[in-house]
Amino acid sequence: MDSYNFKSIEKKWQDKWEDAGIFHAVNGSEKPKFYTLIEFPYPSGAGLHVGHPRSYTALDIIARKRRMEGYNVLYPIGWDAFGLPTENYAIKNNVHPRIVTADNIANFTRQLKMLGFSFDWSREVNTTDPKYYKWTQWIFLQLFKKGLAYKQEMPINWCTGCKVGLSNEEVVNGVCERCGSEVVQRRKSQWMLKITEYAQRLIDDLDEVNYLEKIKTQQKNWIGRSEGAEVKFTLSTGDEMVVYTTRADTLFGATYTVMSPEHPLIEKMKDSITNYGEVEAYQKAAAKKSEFERTELAKDKTGVKLEGIYAVNPANGEHLPVFISDYVLVTYGTGAIMAVPAHDSRDWDFAKKFDLPIIEVVAGGEDVQKEAYTDVYKGKMVNSGFLTGMTVKEAIPAMIDWLEKEGLGKRKVNFKLRDWVFSRQRYWGEPIPLVHCDKCGWVAIPESELPLTLPEVEHFEPGENGESPLAKATDWIKTTCPECGGEAQRETDTMPQWAGSSWYFLRYMDPHNDEALASKEALDYWSPVDWYNGGMEHTTLHLLYSRFWHKFLFDIGVVPTKEPYMKRTSHGMILGENNEKMSKSRGNVVNPDEVVNEFGADAFRTYEMFIGAFDQSTPWSQQGLKGCYKFLERVWNLQSIVNDEAGYSADMEKAMHKTIKKVGEDFERMKFNTAIAAMMALVNDFTKKGSVTKGEYMTFITLLNPVAPHMTEELWQTYGGEGFLSIQPWPKYDEEKTVDDEVEIVVQINGKIRDKLTVPADIDKTGLEELALANDKIKAAAEGKTIVKVIAIPGRLVNVVVK
RNA sequence: GCGGAUGUGGCGGAAUUGGCAGACGCGCCGGCCUUAGGAGCCGGUGUCACCGACGUGCAGGUUCAAGUCCUGUCAUCCGCACCA
């Protein structure tokens with residue numbers, strides 16, 4: 001027996017798998033399909049992080065197990081390769097992002113291949129490949145044609161140093177992440193996608209999928225549905241101001257109203273506002289505030305009263321002052337609110353600052369002059385006309401009914417979800433396939449002209465005023481209008497990184513199709529994705545965006561299912577040894593290349609799965625990794641005690657069946673750590689016994705194969721197994737043989753353990769009671785006391801209660 | 001502030017429905033082997049006043065029985081952040 005040499009073994013089997021193509025998914029197979037998906041990586045210059053393989057190994061185990069169970073498995077891989085870090089690197093070093101991307105992909109490919117994942121490499125996709133983004137652009141065109149894409153002025157984060165628009169992630173504490181300069185708000189016309197039109201369906205259809213509950217909750221919270229009412233307030237100018245509220249019950253407690261500084265009525269009422277100068281100054285100051293400042297100053301309310309204006313409370317006719325304040329957002333509801341300081345803490349803060357009256361309309365709290373009372377479950381209405389005496393729950397619909405009857409308001413559902421800002425003033429993204437014609441406006445380019453490829457430019461920096469780098473490609477921009485044939489200009493903005501990743505799982509089904517994003521047959525066969533695993537950080541954006549696109553594609557008849565993913569799970573982060581997030585600056589980064597070089601891919605994979613609970617974050621431990629290597633070595637060394645017997649030996653039979661059951665079930669529940677623990681325990685049993693039958697060994701390495709595929713293939717071959725172990729049937733167990741004949745029963749007195757008995761497994765309650773009462777220790781302990789009760793749980797324990 | 005998690009040995013973590021707390025691994029201790037051990041093998045390892053008691057962040061409660069259920073509370077992490 002040679003000693004365990006992972007270096008030669010791993011390369012050898014990776015080559016054999018590739019040559020034989022055993023991990024290729026087959027379109028149109030007779031077998032049942034199983035489609036499992038990991039989030040395709042962004043090929044960064046830093047190379048693979050040890051966090052990537054946590055998800056990849058987990059679903060590799062599932063994919064491998066499914067293949068062994070007879071499924072036609074699709075486990076694909078690709079590259080989410082557009083994006084900022086590549087572009088920034090390209091700018092800094094003046095190389096084309098395409099070259100940077102190709103280099104990074106080559107490195108990632110090498111790293112992923114060295115880990116022995118059973119990906120179908122023949123279906124590799126790359127979002128930056130024109131053959132791929134042709135279809136990203138095609139989907140955008142369909143959205144545009146259905147009126148779901150529109151252009152709007154939006155504030156963007158503008159770095160005053162780099163002179164570029166920044167994503168929210170690039171703004172740290174109000175300054176640019178890279179250069180440290182101040183970041184301000186600038187308005188720019190941007191393409192938007194109407195995801196809000198799908199808000200309700202994005203909530204409702206969560207009932208039809210099997211996502212972790214916390215993922216569903218997070219999606220629902222992000223979409224942020226709220227039920228309330230729009231209420232009309234007539235202003236002294238005769239204008240109508242509509243406010244949105246979820247607490248219509250508190251209308252009698254409104255003591256002032258507030259509009260957001262951007263509200264259009266302000267301009268309209270210009271001549272009636274006696275302090276308009278002051279108002280304008282406030283509007284300007286609010287516009288300049290960055291997101292950061294607005295949040296920072298959240299507690300300290302500011303605002304200006306519109307002098308010369310009042311609003312009439314529709315419930316009681318009272319005249320209320322009107323303010324503008326940036327604590328009211330123009331983007332939510334109607335951009336105006338009625339303020340009820342007694343029962344809303346933000347209004348309370350504002351009222352205190354501006355010395356406005358606070359009127360209690362829900363009784364049950366403390367003194368509302370000292371603190372707002374916001375509880376909606378307790379308390380009764382007071383000072384509220386016809387609502388007085390009702391509970392809050394009764395008063396809300398009662399008030400809305402009244403408002404609707406009087407024509408003063410109506411029920412209204414609002415969502416926090418905003419439309420998706422889809423433009424980027426960047427080079428390394430998909431060009432937006434539209435042209436602007438002075439006569440016809442924005443016009444889609446003909447689908448036959450797709451893909452609209454990125455033009456070559458000299459430099460990749462955005463322009464001085466934040467225009468896209470594509471604006472420099474003057475020849476490319478100039479074109480003719482597809483509609484009228486006149487002069488027209490191409491859109492120079494590109495799509496965000498989220499675009500390519502919103503549909504990539506569809507492309508894997510039929511990656512080389514030139515006629516469609518995938519054939520109907522492929523879509524019908526493979527849809528939906530059966531199991532998708534990824535990080536919690538993608539729960540709100542990526543997951544929501546791709547569900548939105550998928551629903552749209554369903555609506556226009558392109559895909560056969562309403563939802564893209566049937567099951568979604570997520571993994572925890574792997575932290576550095578010091579329990580902090582791994583980062584270059586902290587110096588706690590673990591390099592997968594070094595790990596594999598020293599301990600091999602199988603040990604790396606085993607440790608990634610054994611490191612801790614899969615859904616929890618957990619620190620890396622070099623010692624723990626070594627422990628897993630030692631485990632594999634012990635598995636290898638078992639060869640010295642393997643005999644020729646084909647079946648299971650009598651004393652090991654139960655242990656074998658139990659382990660098969662546990663490992664299979666634990667894999668399905670993503671309890672990889674306990675599955676591996678069970679296999680370690682079995683190896684300990686083998687070692688203790690000093691012999692293993694060939695039958696036991698072959699079954700064992702089959703169980704271990706999804707975790708440590710290289711070494712187990714080698715052992716399979718050594719012991720004359722036929723073909724590849726990776727596609728042998730998954731071991732079966734006999735339920736009857738997982739149950740022990742004899743079990744250990746705990747005997748307690750008043751819940752304290754006094755003795756342990758080994759009894760036949762099928763002994764009943766009465767039998768157990770008798771045994772326990774006959775027990776010497778129990779007799780001694782019960783001496784002179786009364787036995788009140790005896791509780792016997794077969795298979796577990798007997799508890800004797802004495803007094 | 002809101003939402004989501006998590007608190008168990010020296011460490012990572014086990015413990016389907018309430019039913020032997022600490023599986024498995026690391027580390028540590030002892031032994032064997034060795035010229036040597038950051039190798040291998042064997043044994044031990046929650047704490048303590050060690051024939052017994054105490055132990056799952058803390059304080060209560062329900063129960064024959066609580067890591068698990070209930071009430072309150074503290075701490076840490078993640079996400080969102082004036083959404084009326």
Side-chain angles (χ1 to χ4, degrees), chain A residues 212-218 220-222 224-226 228-229 243-247 250 258 260 291 294-301 325-329 331-340 343-347 349-350 374 414-418 536-537 539-540 572-573 575 577 579-581 606-607 610-613 615-628 630-631 633-634 637 665 669 671 673-684 687-688 744-753 755-756 788-802:
Chain A
L212 289 182
E213 215 39 56
K214 63 176 174 181
I215 296 177
K216 288 190 183 182
T217 312
Q218 211 169 303
K220 283 180 194 160
N221 290 346
W222 186 264
R225 183 181 199 274
S226 82
V243 306
Y244 177 70
T245 179
T246 54
R247 293 294 304 275
T250 60
V258 191
S260 69
E291 283 289 323
R294 274 184 85 132
T295 8
E296 266 304 279
L297 303 172
K299 298 136 250 161
D300 187 26
K301 301 275 184 287
S325 170
D326 62 6
Y327 89 89
V328 174
L329 308 172
T331 46
Y332 185 76
T334 59
I337 61 153
M338 63 177 208
V340 186
H343 305 292
D344 182 288
S345 49
R346 294 154 303 181
D347 297 347
D349 290 343
F350 191 88
T374 55
N414 270 327
F415 298 93
K416 287 187 200 173
L417 185 69
R418 306 295 157 80
M536 278 309 282
E537 70 275 17
T539 303
T540 44
M573 238 192 310
L575 307 169
E577 295 236 24
N579 234 312
E580 289 172 29
K581 204 171 160 174
T606 307
Y607 179 58
F610 188 65
I611 191 168
D615 58 350
Q616 226 109 32
S617 58
T618 177
W620 183 267
S621 156
Q622 201 65 18
Q623 289 299 335
L625 167 66
K626 255 165 117 176
C628 287
K630 268 166 67 182
F631 163 64
E633 217 172 26
R634 292 182 66 205
N637 292 336
E665 287 177 355
R669 294 188 300 148
K671 298 254 181 188
N673 53 340
T674 52
I676 292 168
M679 291 191 272
M680 287 172 166
L682 190 63
V683 169
N684 291 344
T687 309
K688 202 164 278 174
E744 197 175 53
I745 291 286
V746 173
V747 185
Q748 301 178 326
I749 293 213
N750 292 345
K752 298 251 157 71
I753 299 161
D755 204 2
K756 291 177 184 180
V788 183
K789 208 197 254 187
V790 180
I791 290 133
I793 310 290
R796 300 252 183 226
L797 54 62
V798 183
N799 189 13
V800 182
V801 186
V802 299

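Every chain is numbered from 1 and lettered A, B, ... according to where its sequence line falls, protein lines coming before strand lines. The model shown is predicted, which means the values in this text are computed figures rather than measured ones.
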- Task: Would you indicate what Thr245(A) reaches in the nucleic acid, counting non-hydrogen atoms under 4.0 angstrom: base, sugar-phosphate, or nothing?
- Result: sugar-phosphate
- Message: Once hydrogens and angles are ignored, does a donor-acceptor distance under 3.5 Å link the base of C80(B) to the side chain of Lys416(A)?
- Response: no
- Can you tell me the distance, in whole Å, between the CG atom of Asp344(A) and the P atom of C82(B)? 13 Å
- Query: Mind checking the P distance from C2(B) to G12(B)? Whole angstroms is fine.
  - Reply: 30 Å
- Paired nucleotide for A75(B) [Watson-Crick or G-U wobble; both distances under 3.5 Å]: U6(B)
- Reckon Ser617(A) touches a base, only the sugar-phosphate, or nothing at all at heavy-atom distances under 4.0 Å? sugar-phosphate
- Message: Looking only at the side chain of Ile753(A) (C-beta and beyond, no hydrogens), which of the listed nucleotides A84(B), C20(B), G13(B) gets closest?
- Response: C20(B)
- In whole angstrom, give me the gap between the P atoms of G46(B) and A21(B). 14 Å
- Message: Rounding to an integer number of angstrom, what distance separates A59(B) and C82(B) when you compare their C1' atoms?
- Response: 36 Å
- Message: Could you tell me the Watson-Crick or G-U partner of C80(B), where both distances fall under 3.5 Å? Say none if there is no partner.
- Response: G1(B)
- Task: Select from Met338(A) and Asn673(A) the residue whose nearest nucleotide in RNA chain B is closer to the 5' end of that strand.
- Result: Asn673(A)
- Taking a pair as Watson-Crick or G-U wobble with both distances under 3.5 Å, which nucleotide is matched to G27(B)? U45(B)
- Contact class for Glu537(A) (heavy atom, under 4.0 Å): base, sugar-phosphate, or nothing? nothing
- Query: Rounded to the Å, how far apart are Met680(A) CE and C24(B) C1'?
  - Reply: 6 Å
- Message: Determine whether a donor-acceptor pair (one donor, one acceptor, N or O, separation below 3.5 Å) exists between the side chain of Lys756(A) and the base of C20(B).
- Response: yes
- For U76(B) versus G30(B), give the span between their P atoms, rounded off to a whole number of Å. 39 Å
- Task: Measure from CD on Gln748(A) to C1' on G19(B) and round the result to the nearest Å.
- Result: 7 Å
- Task: Rounded off to whole Å, could you give me the CZ-to-P distance for the Arg634(A) and C24(B) pair?
- Result: 11 Å
- Message: Would you call the rings of Phe350(A) and Tyr327(A) parallel, tilted or perpendicular, taking 30° and 60° as the class edges?
- Response: tilted
- Item | Rounded distance in Å - NZ (Lys752(A)) to C1' (A21(B)) | 15 Å
- Message: Heavy atoms only, 4.0 Å cut-off, all strands: where does Ile793(A) land among base, sugar-phosphate and nothing?
- Response: base
